[in-house]
Amino acid sequence: MWVRIEDIGEYEGKEVEIRGWLFNSRSSGKIHFILIRDGTGIIQGVVVKGEVPDDVFELADELTQESSIIVRGIVRKDPRAPGGYELGVKDIKLVHLSESYPITPKSHGVAFLMERRHLWIRSRKQNAILRIRAEVVNAAREFLNKEGFLLVDAPIFTPSACEGTTTLFEVDYFGRPAYLSQSGQLYMEAACMAFGKVYCLGPCFRAEKSKTRRHLTEFWQIEPEIAYADINDAMEVAERLVACVVERVLERRKRELEMLERNTEVLEKIKVPFPRISYDEAVKILKEKGMDIEWGEDFGAPHETELANSFSSPFFVHRYPKKIKAFYMKEDPDNPELSLSFDMLAPEGYGEIIGGGQREERLEKLKESIKRHNLPESAFEWYLDLRRYGTVPHAGFGLGIERTVAWICGIHHVREAIPFPRMLDTLYP
RNA sequence: UCCUCGGUAGCUCAGUGGUAGAGCGGCCGGCUGUUAACCGGCAGGUCGCAGGUUCGAAUCCUGCCCGAGGAGCCA
């Protein structure tokens with residue numbers, strides 16, 4: 001019977017078949033220990049001379065790292081085995097004898113591993129991260145589905161920028177210029193007027209020449225948008241979403257977090273509501289800490305890190321100055337200098353994981369804003385229509401998947417939080 | 001785009017003016033409970049590239065290429 005290693009505990013004492021690859025092996029002459037991985041886990045197979053046919057014993061000795069094999073044996077509990085269970089091997093079928101595998105069990109540099117990302121994802125740590133990523137996406141989608149949000153897919157080819165044109169990837173669309181989407185948000189605004197509560201999940205593209213541990217040129221976002229909602233409603237959904245995602249990963253991916261040696265104490269303490277500070281307060285805190293910042297400036301990485309160090313859970317910074325936020329942000333009725341925008345910053349120096357806010361729903365105000373930002377009004381006619389035909393207050397946000405995964409996993413760089421990262425200088429493999 | 005650091009065996013690195021090195025990986029041999037096993041042996045090099053200084057350059061100088069870290073930029 002073909003079983004998966006993650007379920008092996010259910011088959012104690014039974015004969016099973018594992019289909020996988022040789023992870024590593026050790027030998028003591030008359031006994032070989034072969035570590036088999038199948039994508040769900042790793043189990044040690046024990047091959048003893050005399051207990052298997054001679055050709056099987058010899059094969060176990062000749063197996064190279066990453067050779068694909070089908071192994072039959074009896075599952076038994078053994079405290080000496082990594083993982084607690086081992087396989088008393090009865091037979092090994094060789095599917096392919098691997099060539100000398102470049103990623104050895106010793107240390108390698110980042111450049112070497114990134115060049116071999118297609119193989120690197122087989123290794124334990126990368127495997128754990130990508131499993132957690134899948135859990136994060138599943139948890140977020142299940143949360144939103146349960147809350148009555150409808151999945152509405154946004155286009156990837158778009159006719160215009162939603163910000164300036166400097167950070168867009170331009171492509172030739174049958175002789176016309178088109179751009180890869182930076183965000184599904186504008187389309188979600190249309191969709192929420194059709195369905196009430198919606199979200200999209202997909203890749204976003206930014207042609208920024210950013211070279212930091214928090215940037216990719218292609219990254220994924222989940223973007224909810226809610227009709228008849230204000231900034232507070234959006235923040236409340238955002239914090240419950242993040243709390244739910246963290247809880248789910250703790251519950252279902254404990255093994256992976258252990259593998260990553262993630263200190264889960266911080267994650268376990270996360271409870272709604274998250275702290276909320278205004279941009280004004282944030283600037284005051286940073287100035288008190290002696291940081292170089294003036295009111296009206298956006299936060300740089302050191303500012304975000306410093307702020308994050310003041311909190312042990314994710315927290316909101318809200319009501320940023322209007323001029324450093326996007327054109328569609330609604331003006332704060334209490335202060336025309338401010339916008340009804342917010343960011344959620346992760347603790348432990350991971351920075352912004354959510355950006356959102358209440359959108360400007362009034363036609364004239366939005367037109368003014370488009371003009372002020374030097375954007376071509378003609379490209380936004382469809383978007384302005386949303387303010388002509390039954391406009392309502394609405395709000396939403398975008399959760400960056402890679403930054404969220406990097407934070408939950410406690411890894412240093414977002415490039416490991418996505419299977420095949422696209423960065424300034426990385427387009428291969 | 002800017003700043004800093006780096007490029008030596010397949011990999012990770014040591015060697016800072018005088019014979020090219022180690023550990024891991026590979027190959028060969030040994031070992032009946034290994035835990036990134038261990039022990040013995042063997043093979044493996046355009047010292048990033050080009051020029052210069054010097055009796056002599058992996059080592060010093062200049063330029064270029066590539067990589068990493070950070071900054072700026074960043075719905």
Side-chain angles (χ1 to χ4, degrees), chain A residues 23-35 42-51 57 61-62 64-66 76 78-84 86 88 98-116 123-125 154 158 161-164 166-168 181-189 204-217 219 221 223 225 297-305 320 324-329 339 341-343 351-352 354-357 359 373 375 396-400 403 412-415 423-426:
Chain A
F23 188 75
N24 195 8
S25 68
R26 295 177 277 273
S27 167
S28 325
K30 301 287 188 302
I31 180 165
H32 300 307
F33 299 95
I34 56 173
L35 290 177
I42 293 175
I43 189 166
Q44 170 170 280
V46 183
V47 192
V48 181
K49 194 174 174 74
E51 292 179 16
F57 186 79
D61 191 39
E62 283 163 8
T64 50
Q65 193 187 348
E66 286 304 316
R76 55 185 186 228
D78 194 313
R80 293 170 297 185
E86 64 179 24
S98 174
E99 293 177 28
S100 180
Y101 192 64
I103 303 177
T104 65
K106 291 284 172 174
S107 65
H108 300 281
V110 177
F112 179 83
L113 292 167
M114 285 306 310
E115 277 279 304
R116 292 157 185 81
S123 67
R124 276 197 258 216
K125 196 175 157 191
T158 59
C162 67
E163 302 298 302
T166 51
T167 66
L168 286 166
S181 174
Q182 293 175 306
S183 162
Q185 186 206 308
L186 303 189
Y187 295 95
M188 287 307 100
E189 289 187 53
C204 301
F205 305 88
R206 285 201 295 210
E208 283 153 14
K209 306 224 165 176
S210 299
K211 193 176 174 298
T212 83
R213 68 194 189 90
R214 302 207 302 253
H215 284 90
L216 299 165
T217 54
F219 66 102
Q221 272 197 130
E223 295 175 278
E225 193 74 27
E297 289 173 358
D298 206 353
F299 302 134
H303 302 119
E304 285 189 1
T305 303
Y320 283 82
I324 57 171
K325 284 291 175 183
F327 77 94
Y328 47 72
M329 288 298 185
S339 61
S341 55
F342 68 88
D343 285 349
E352 181 187 342
I354 282 181
R359 323 304 187 188
H373 283 80
L375 296 167
F397 61 90
L399 170 75
R403 287 185 183 179
H412 180 72
H413 201 299
V414 291
R415 66 186 162 211
M423 293 174 294
L424 190 51
D425 297 310
T426 305

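Below, chain A is the first sequence line, B the second, and so on; all start at residue 1.
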For A:D78, salt bridge (charged side-chain N to carboxylate O under 4.0 Å, His left out) partners two or more places apart: A:R80
Taking only residues two or more places apart in sequence or in another chain, which ones pass salt bridge (charged side-chain N to carboxylate O under 4.0 Å, His left out) with A:E189? A:R387
Salt bridge present between A:D61 and A:K49 (N-O < 4.0 angstrom): no
A:R403 (side chain) donor-acceptor with A:V414 (main chain) under 3.5 angstrom: no
Expressed in whole Å, how much space separates the [atom1] atoms belonging to [N] and [M]?
| N | M | atom1 | result |
| --- | --- | --- | --- |
| B:rA58 | B:rG40 | C1' | 32 Å |
| B:rU16 | B:rC3 | C1' | 25 Å |
| B:rC66 | B:rC24 | C1' | 25 Å |
| B:rG23 | B:rC39 | C1' | 15 Å |
| B:rA50 | B:rG44 | C1' | 27 Å |
| B:rG72 | B:rG15 | P | 34 Å |
| B:rG69 | B:rU32 | C1' | 49 Å |
| B:rC47 | B:rA36 | C1' | 29 Å |

In this structure, how many angstroms lie between the [atom2] atom of [N] and the [atom1] atom of [X], rounded?
| X | N | atom1 | atom2 | result |
| --- | --- | --- | --- | --- |
| A:F112 | B:rC13 | CZ | C1' | 14 Å |
| A:L216 | B:rC73 | CG | C1' | 15 Å |
| A:R26 | B:rU34 | CZ | C1' | 5 Å |
| A:I324 | B:rC74 | CD1 | C1' | 12 Å |
| A:I34 | B:rA36 | CD1 | P | 17 Å |
| A:K30 | B:rU34 | NZ | P | 16 Å |
| A:E51 | B:rG33 | CD | P | 13 Å |
| A:Q44 | B:rU34 | CD | P | 10 Å |

Taking a pair as Watson-Crick or G-U wobble with both distances under 3.5 Å, which nucleotide is matched to [N]?
| N | value |
| --- | --- |
| B:rG44 | none |
| B:rC74 | none |
| B:rU4 | B:rA68 |
| B:rG51 | B:rC61 |
| B:rG10 | B:rC24 |

Need one value for [X]: base, sugar-phosphate or nothing, where a base atom within 4.0 Å counts as base even if backbone is also close, heavy atoms only.
| X | answer |
| --- | --- |
| A:E304 | nothing |
| A:E223 | nothing |
| A:Q221 | base |
| A:G109 | sugar-phosphate |
| A:F397 | nothing |
| A:F33 | base |
| A:N24 | sugar-phosphate |

Name all residues meeting the side-chain contact (heavy atoms from CB on, under 4.5 Å) criterion together with [X]; count only those two or more places apart in sequence or in a different chain, and write none if there are none.
| X | value |
| --- | --- |
| A:S181 | A:T158 |
| A:P105 | A:N24, A:Q65 |
| A:S107 | none |

More 5' along RNA chain B: A:D61 or A:E352, using each one's nearest nucleotide? A:D61
If you define the side chain from C-beta out and look only at heavy atoms, does anything of A:V47 sit under 4.5 Å from A:F57? yes
Identify the heavy atoms of A:M329 and A:G357 that sit nearest to each other, and give their distance. SD-CA, 4.1 Å
Using ring-ring contact (aromatic ring centres under 6.0 Å, His included) as the criterion, list what pairs up with A:Y187, not counting sequence neighbours. A:W382
Base of B:rC74 paired with side chain of A:H215 (donor-acceptor, under 3.5 Å): yes
A:H108 meets the side-chain hydrogen bond (donor to acceptor under 3.5 Å, both in side chains) criterion, sequence neighbours left out, with A:T104
Using a 90° cut-off around 0 for syn, call B:rU12 syn or anti. anti
Determine, stepwise, if the pair A:S183 / A:E223 fulfils side-chain contact (heavy atoms from CB on, under 4.5 Å). CA-CA 8 Å; A:S183 162; A:E223 295 175 278; 2.8 Å; yes
Scan nucleotides 66-71 of chain B nucleotide by nucleotide, 5' to 3', and note B when protein non-hydrogen atoms come under 4.0 Å of the base, S if they reach only the sugar-phosphate, - if neither. -SBBBB
Polar-atom pairs under 3.5 Å, protein N or O versus N or O of nucleotides 25-30 of chain B: list them with distances, or write none.
none

